[in-house]
> 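First the structure, which I've put down as structure tokens, then a few questions once you've had a look.
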Amino acid sequence: IVTDARSNTEKQIADCEDLIAQNVDLLLISPVEGDGYQAVYKAAREAGIPVFLICDKTTGEVGGDFVTMITADCVFEGELAGQFVLDTFGDACKVVELTGIVGDIGSGQRGEGFLNTVSTKGGEVIASQPADWSRSKAQDVMTNIIHATGGEFDVVYCHNSEMALGAVAALKAAGIPVDGSGKEGVVVIGIDAQKEAVQAVIDGDMGAVVSCNPYMGEIVFDAVEAYL
């Protein structure tokens with residue numbers, strides 16, 4: 001049984017409660033946010049349903065609230081994006097940042113790793129706004145930032161590829177050139193490396209995409225098999 005919360009925490013919690021009521025054998029959850037799932041963990045535990053998480057990090061106790069958690073190193077992902085900026089510009093640059101959902105642990109870590117890296121050479125984040133992992137919202141947020149800043153920035157760093165593609169669309173609509181090399185336009189960077197974003201790098205519309213580990217699903221099924 002597969003459900004899709006569409007980045008809505010309340011819907012995801014309701015989906016989990018419904019699955020628990022159906023007495024499923026186990027729950028695999030990729031939490032939308034880093035907190036707020038304690039009631040789900042408690043209900044699953046009382047129903048004897050083991051919970052496995054695929055996520056960026058979340059609150060809760062391994063072995064108590066859930067069996068285990070398969071996670072990526074989101075700080076390192078942010079550091080890789082930051083290093084690309086340093087390699088591209090070499091010194092101070094102005095950065096716009098589009099983050100995920102406010103309070104999401106993985107998004108916060110991607111921001112932390114990036115800022116810690118670019119700030120070593122004078123990189124400055126002049127605007128940081130949440131776009132909730134959404135391409136359409138990122139396009140709207142980016143449009144507002146362009147108006148507020150007059151387009152005076154060098155880099156747009158997005159915490160996922162969907163938002164990066166939305167940022168590219170907004171920049172193009174505003175007549176601001178995008179250039180993966182940074183020589184003739186704004187450099188846009190994303191994380192997750194979905195196919196469309198990789199193609200955008202090839203086409204020169206984006207500078208880089210950092211690949212999030214694509215094998216977490218495979219690993220969690222290995223963990224489930226070992227547990228059972």
Side-chain angles (χ1 to χ4, degrees), residues 1-78 98-112 130-138 158-166 190-198 209-228:
I1 303 173
V2 179
T3 64
D4 184 359
R6 299 186 181 277
S7 298
N8 184 305
T9 303
E10 291 183 1
K11 182 180 186 307
Q12 188 172 55
I13 289 173
D15 288 343
C16 290
E17 291 171 343
D18 181 58
L19 291 169
I20 292 169
Q22 294 181 53
N23 196 32
V24 295
D25 295 314
L26 58 89
L27 272 178
L28 304 180
I29 308 173
S30 180
V32 174
E33 297 185 59
D35 199 5
Y37 292 80
Q38 283 71 24
V40 169
Y41 302 149
K42 182 175 184 292
R45 184 169 60 250
E46 291 175 348
I49 299 172
V51 175
F52 294 77
L53 301 185
I54 309 173
C55 59
D56 299 323
K57 292 276 179 73
T58 187
T59 57
E61 181 182 352
V62 176
D65 294 315
F66 41 85
V67 176
T68 191
M69 174 173 59
I70 310 301
T71 182
D73 188 340
C74 293
V75 174
F76 181 59
E77 292 169 353
L98 300 186
T99 73
I101 294 171
V102 174
D104 181 87
I105 294 175
S107 181
Q109 291 176 335
R110 286 175 175 179
E112 175 191 346
D132 300 348
W133 309 117
S134 163
R135 185 186 307 200
S136 59
K137 184 165 184 179
C158 304
H159 290 191
N160 78 344
S161 296
E162 274 290 294
M163 294 188 293
L165 292 166
I191 296 178
D192 289 341
Q194 67 192 67
K195 186 176 181 179
E196 192 175 350
V198 172
V209 284
V210 177
S211 177
C212 181
N213 186 346
Y215 300 112
M216 287 192 286
E218 182 179 319
I219 294 169
V220 78
F221 275 104
D222 288 342
V224 167
E225 189 175 70
Y227 176 79
L228 296 178

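Note: hydrogens, waters and symmetry copies are ignored here, and every other heavy atom, side chains too, is used.
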> Report yes if some heavy atom in the side chain of Ile49 is under 4.5 Å from a heavy atom in the side chain of Leu19; otherwise report no.
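A side-chain contact under 4.5 Å is absent here.
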> Could you check whether any side-chain heavy atom of Lys137 comes within less than 4.5 Å of a side-chain heavy atom of Leu98, counting everything from C-beta outward?
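They are not in side-chain contact.
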> What residue pairs, at least two apart or across chains, pass side-chain hydrogen bond (donor to acceptor under 3.5 Å, both in side chains) with a residue in residues 20-30?
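Residue pairs passing side-chain hydrogen bond (donor to acceptor under 3.5 Å, both in side chains), neighbours aside: Asp18-Gln22.
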> Check the side chains of Glu61 and Tyr41 for a donor-acceptor pair under 3.5 angstrom, ignoring hydrogens and angles.
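Per modelled atom types, Tyr41 and Glu61 side chains form no pair under 3.5 Å.
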> Calculate, to the nearest 0.5 Å, the distance between atoms CD1 and SG belonging to Ile105 and Cys74 respectively.
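Ile105 atom CD1 to Cys74 atom SG measures 10.0 Å (nearest 0.5 Å).
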> Check whether any side-chain heavy atom of Gln12 sits under 4.5 Å from a side-chain heavy atom of Ile29, and report yes or no.
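Side chain of Gln12 against side chain of Ile29, heavy atoms only: contact under 4.5 Å found.
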> I'd like to check Ile101 versus Trp133 (side-chain heavy atoms, cut-off strictly below 4.5 Å). Are they in contact?
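Yes, at least one pair of side-chain atoms sits under 4.5 Å.
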> Just so I know, are the side chains of Tyr37 and Phe66 near enough to count as touching, which here means a heavy-atom distance under 4.5 Å?
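No, side chains not in contact.
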> With distance as the sole test, does Gln194 use its side chain to make a donor-acceptor pair with the main-chain N or O of Ser161 at under 3.5 Å?
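Pair absent, no side-chain N/O of Gln194 close to backbone of Ser161.
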> State, with a plain yes or no, whether a side-chain heavy atom of Val51 is found less than 4.5 Å away from one of Val40.
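Heavy-atom side-chain distance check fails, nothing below 4.5 Å.
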> Are Leu28 and Val224 close enough that some pair of their side-chain heavy atoms sits under 4.5 Å apart?
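Side chain of Leu28 against side chain of Val224, heavy atoms only: contact under 4.5 Å found.
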> Sequence neighbours excluded, which residues qualify as salt bridge (charged side-chain N to carboxylate O under 4.0 Å, His left out) partners of Glu46?
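Testing Glu46 for salt bridge (charged side-chain N to carboxylate O under 4.0 Å, His left out), a comparison that skips the adjacent residues, returns Lys42.
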> Do Arg110 and Asp104 sit within salt-bridge range, that is, some charged N less than 4.0 Å from a carboxylate O?
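No.
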